[in-house]
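Below is one structure. I have some questions about it.
Values below: every heavy atom of this structure, side chains too, minus hydrogens, waters and symmetry copies. All figures in this text were calculated on a predicted structure; none of them were measured in a lab.
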Amino acid sequence: MTISGKPRVRFAPSPTGYLHVGGARTALFNWLYARREGGVFILRVEDTDAERNRPELVEGILASLKWLGLDWDEGPFFQSQRMEMYRAAAQRLLESGHGYYCYCAASSYAGADAAQHEDADAATDHAASGEVKQKRRAACPCRNLTAEERAEKEQQELPKAIRFAAPHTGTTKFEDAVFGSREVENAEIEDFVLLRSNGAPTYQLGVVVDDIDMRITHVMRGADHLSNTPKQALLYRALGAEPPIFAHVPLILGPDRTRLSKRHGATSVESYEVEGFLPEAFRNFLVLLGWSPGDDTEMFDTAALIEKFSLSGVSRTNAVFDRAKLEWFNAQYLQKLPIDALLPYIEKELRRSGLWKEAWASTQKEWFAHTVDLLRPRTRFLKDFSTWGRAFFAEDFEYEAAAKDKFWKDPRLGELLGKLADGYAGLAEWNHDNCEKVLRDLAAAEGLKAGLLINATRVAIVGVAVAPALFETMLALGKDRVVSRLRRALPELPKA
RNA sequence: GGCGCCAUGGUGCAACGGUUAGCACAUCGCCCUUUCAAGGCGGUAAUGCGGGUUCGAUUCCCGCUGGCGCUACCA
């Protein structure tokens, strides 16, 4: 194998949809491995099926990879632009006797049903007559065409595909860094198509030709490819190359343990970005699906991840995508990320919702950072800053119905908050202790519990029942806004 | 149907022949908090079943069951 040199790995998505979380996890593992080993991470777009391809989706996939911080060293390469290479390879296989022309209509032989029934019939027949069970897969009759028969087919100008002439005996071996050394009976391998009748390569051909050409040393991909790997190992050798090391990673399943799909909710990386997840959090969550550092650590920054990642930590068990834990990670990152790293995300969110003010990036930068810091312990999504935290960044906000019901019940509140507003209006120095004193003095003078005023005031100045500590909030809002908001709330408050 | 892979609480992972089976999420309770989170403390909760091997199995082997994957001129 590759005796020396750095490992070369690749991520090869197919542009039939957005970047799927499973694909993102595979890309992440490849990227981590390359970074860990000082190798090369290559991006290749597998778009050989014109029918399903949506070229316009490529940009979205690349954007999602970038969002996750996964940068590639080579590519993106497009298989659709390398068609000649696959045809030449198929031709070589044909000439070396590893391939043959198949004239069957695409729908006749190929149907899984046909092969299945043939097998099933053979099995029962043999069982009935007590013979050894026939293992060999149904083969295409075109493999054994006589020269005359072939000439006749050519004469009819039937569309023809090129199939692989799989060996009938022996076994095929390959190495998998996750599943171990694998060996299968060649009799189980069918004569799969290499080149379609339209001249385009199938996945099996394209992937092998490209991985050889790009000198890929480790093929890391979903375990759904495990069963087809023997075919590829055979192809490598037929093409005169040694198979690379494979590393199949377990699949990500939905809560019902079936393959993750739209039925389970969001499956595209992009939707999580839109929902307000931090890429750091999403990535941290993802890496723990099917991989473990070997101990109980689970919060990793990029450097730690790169340092700790290894194929030996990859599990063989499929993992269920647990949205609740993803959210927990997001809340953790929202709280623990260095404030300077967080600010750009908040800015983006506020711009998105139309609340952004340029001053927050210049003259009021300090205020902005402080306010974000004040809000973040209670946030779970980036969106929370523009929705739940709206009153900190905008003058127009609504009073949450539940908050009013809970804290604006006392009939004395209208008069009390009016007095409070006056008290604050007359405050010479606006600081935490003074704000607190004004409120507590009023409560004492009226013989009330301070809590009544605290909770009612909170709703009046930020519109919600859940918010940062009241006097911190007042400081962040400033005297003018607190006074005006208190007065603005008076008409809404119950009167004696 | 055939072939293959997998199997620790509800979920994600630890324990790679000897632990009172550990951590995290979720969940329940308490503390903190005149809101709510965060945080702290504690509780409930797992080795799928049956055979072996061994002084001793979560761990090794076999069978079963279950789940998943492949079996396309999709990738």
Exercise. For C23(B) versus A75(B), give the span between their C1' atoms, rounded off to a whole number of Å.
Key: 37 Å

Quiz item: Which value, in whole Å, describes the distance between the C1' atoms of nucleotides U71(B) and A14(B)?
Solution: 36 Å

Quiz prompt | Pairing nucleotide - C5(B), Watson-Crick or G-U, each distance under 3.5 Å | solution = G67(B)

Practice problem: Using a heavy-atom cut-off of under 4.0 Å over every strand shown, decide if A331(A) touches base, sugar-phosphate, or nothing. | Solution: nothing

Practice problem: Have a look at F192(A) and tell me which of N228(A), L235(A), L205(A) forms a side chain to side chain contact (heavy atoms under 4.5 Å, CB included) with it. | Solution: L235(A)

Exercise. Please determine, for A72(B), whether a Watson-Crick or G-U wobble partner exists with both distances under 3.5 Å, and give it or none.
Key: none

Exercise. State whether the side chain of Y236(A) and the backbone N or O of V208(A) hold a donor-acceptor pair below 3.5 Å, judged by distance alone.
Key: no

Quiz item: So what does I454(A) hit on the nucleic acid, given a heavy-atom distance under 4.0 Å: a base, only sugar-phosphate, or nothing?
Solution: base

Practice problem: Remember a base hit wins even if backbone is also touched, and classify Q204(A) as base, sugar-phosphate or nothing at under 4.0 Å, heavy atoms. | Solution: base

Self-check item: Most 5' of K160(A) and P250(A) on RNA chain B, judged by nearest nucleotide
Solution: P250(A)

Practice problem: Just call it for R458(A): base, sugar-phosphate, or nothing, with non-hydrogen atoms closer than 4.0 Å on any strand. | Solution: base

Exercise. Before accepting this row, confirm whether a basic side-chain N of the pair K308(A)/D295(A) lies closer than 4.0 Å to the acidic partner's carboxylate O.
Key: yes

